[in-house]
There are 2 protein chains.
Amino acid sequence: MKARSHQQNDQHLTEQLGATGLRLTPQRQQVYDVLQDKCDHPTAEEVFMRAKKAMPEISHATVYNCLDALVKSGLARQVTLDRGATRYCPNMIEHGHFHCDTCATVFDVDLPKQAMKLPKGFKADHFDIAIHGVCADCAKKK
Amino acid sequence: MKARSHQQNDQHLTEQLGATGLRLTPQRQQVYDVLQDKCDHPTAEEVFMRAKKAMPEISHATVYNCLDALVKSGLARQVTLDRGATRYCPNMIEHGHFHCDTCATVFDVDLPKQAMKLPKGFKADHFDIAIHGVCADCAKKK
DNA sequence: TCAAGATTTAGAATAATTCTAAATTGGGTG
DNA sequence: CACCCAATTTAGAATTATTCTAAATCTTGA
């Protein structure tokens, strides 16, 4: 993944949040940095724990609030794979998620280019594809 | 949807559960009936409340257990659309879910026939497509 | 500088799900 | 048929995930 410089990042964040009527705050920046830092689809709880290392006073509710702000502004995506905690992903390029049932890793995969055929009048805003199966490494080990 | 007679249903349930090493119990039957009865993608809590009408002694944990048994046996699908409760769907024909952000209704929609292109070695077991947007009725009302 | 509104905080509250241990049920076997 | 074993159910406690609340803090524009 091409790294964006911090300054560019700031500007990008400010713009995207601004367009949604939200401000760029140190906490939102921090939460975004956590997502960028390791794109392993962490849960809100995991984001909280990682953010706390750099910003020990950050609270639980703030992390949820920041994640929601990022999602609303199109800076992150919410990924729900199962019963259980929601995960987050800063990769905004159209893609799906492959969940390995053996090692529980989540991989980003290409979407089919072909658009979904919707009933007349329905308007899609965005869609999520979650694929469950076994990843190459786990398949090999069997 | 074509209704299956009760007796056929029983046999179908017994077979499917049996193949997974599970038994058909009155509770599992009841939970399955609830799903068949109204295919509106209820949450586990909603299934619990509906099942209780016919079977007042049924417990919370049993409903979760039954739903898991049905999902494992390929008799129902788990649908996760958002943060919040998981929903269930007895329609096992390949399809995706459209979630109207305005009225919160969940519609079944056709999947693209084209298969997902996965990285080499990955094996898909099943996949879920969740589309978020506005349904025809809600779009009209705006 | 001040007021208004946005944001954050800690912690309580709620919602969703899982766990536990005891009771019950359903087959298969002698 | 009586018994045993394993699967299942039950009630309720426990845990996990998320949201809410009210007070404190920060930011921005007048």
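Lettering of chains follows the sequences in order, A, B, ..., and the numbering in each one begins at 1. From a predicted model like this one, the values you see are computed outputs, not experimental measurements.
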Do the side-chain N or O atoms of [X] get closer than 4.0 angstrom to the phosphate oxygens (OP1, OP2) of [N]?
X        : N       : result
Gln27(B) : dT10(D) : yes
Tyr64(B) : dT17(C) : yes
Asn65(B) : dT9(D)  : yes
Arg28(B) : dT8(D)  : yes
Thr62(A) : dT9(C)  : yes

Nucleotide of dC20(D), dT8(D), dT8(C) approaching Ala61(A) most closely (side-chain heavy atoms):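 Among dC20(D), dT8(D), dT8(C), the one nearest the side chain of Ala61(A) is dC20(D).
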- prompt: If you check the Ala44(B) side chain, which of dT8(D), dT17(C), dT9(C) turns out closest?
  reply: dT17(C)
Hey, does [X] reach any base, or is it just sugar-phosphate, or nothing, if we go heavy atoms under 4.0 Å?
X        : result
Thr25(A) : sugar-phosphate
Ala85(A) : sugar-phosphate
Thr86(B) : sugar-phosphate
Glu57(B) : sugar-phosphate
Arg23(A) : base

[X] [atom1] - [N] [atom2] separation (whole Å):
X        : N       : atom1 : atom2 : value
Gln29(B) : dT25(C) : CD    : P     : 18 Å
Ile58(A) : dT7(C)  : CD1   : C1'   : 12 Å
Glu46(B) : dA15(C) : CD    : P     : 13 Å
Met55(A) : dA10(C) : CE    : C1'   : 17 Å
Leu81(B) : dA16(C) : CG    : P     : 14 Å
Phe48(A) : dT8(C)  : CZ    : P     : 14 Å
Lys72(A) : dA6(C)  : NZ    : C1'   : 13 Å
Leu67(B) : dT18(C) : CG    : P     : 11 Å

- prompt: Among Leu81(A), Val109(A), Val134(A), Thr105(A), which residue meets the side-chain contact (heavy atoms from CB on, under 4.5 Å) test with Phe98(A)?
  reply: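 Of the listed options, the one satisfying the test is Val109(A).
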- prompt: Applying the side-chain contact (heavy atoms from CB on, under 4.5 Å) test to Tyr88(A), which of Leu70(A), Val79(A), Leu35(A) qualifies?
  reply: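 When side-chain contact (heavy atoms from CB on, under 4.5 Å) is applied between Tyr88(A) and each of Leu70(A), Val79(A), Leu35(A), only Leu35(A) qualifies.
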- prompt: Start at the 5' end of DNA chain C and walk down; is the nucleotide closest to Leu22(A) or to His60(A) reached first?
  reply: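 Going by which nucleotide is closer to the 5' end, it is Leu22(A).
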query: On DNA chain C, nearest-nucleotide positions of Pro26(B) versus Pro26(A): which is more 5'?
result: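 Per heavy-atom nearest nucleotide, the more 5' residue is Pro26(A).
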task: Please determine if Asp68(B) and Arg83(A) form a salt bridge, counting it only when a charged side-chain N lies under 4.0 Å from a carboxylate O.
output: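 Arg83(A) and Asp68(B): salt-bridged.
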- prompt: Is any NZ, NE, NH1 or NH2 atom of the basic residue among Arg77(B) and Asp128(B) found under 4.0 Å from an Asp or Glu carboxylate oxygen of the other?
  reply: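 Judged by the 4.0 Å cut-off on N to carboxylate O distance, Arg77(B) and Asp128(B) do form a salt bridge.
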message: Please verify the inter-ring angle class for His41(A) with His97(A); under 30° counts as parallel, over 60° as perpendicular, anything in between as tilted.
response: perpendicular
field: From CA spacing to verdict: salt bridge (Lys or Arg N to Asp or Glu O under 4.0 Å), Arg50(B), Asp40(B)
entry: CA-CA 12 Å; Arg50(B) 293 179 198 173; Asp40(B) 60 349; 2.9 Å; yes
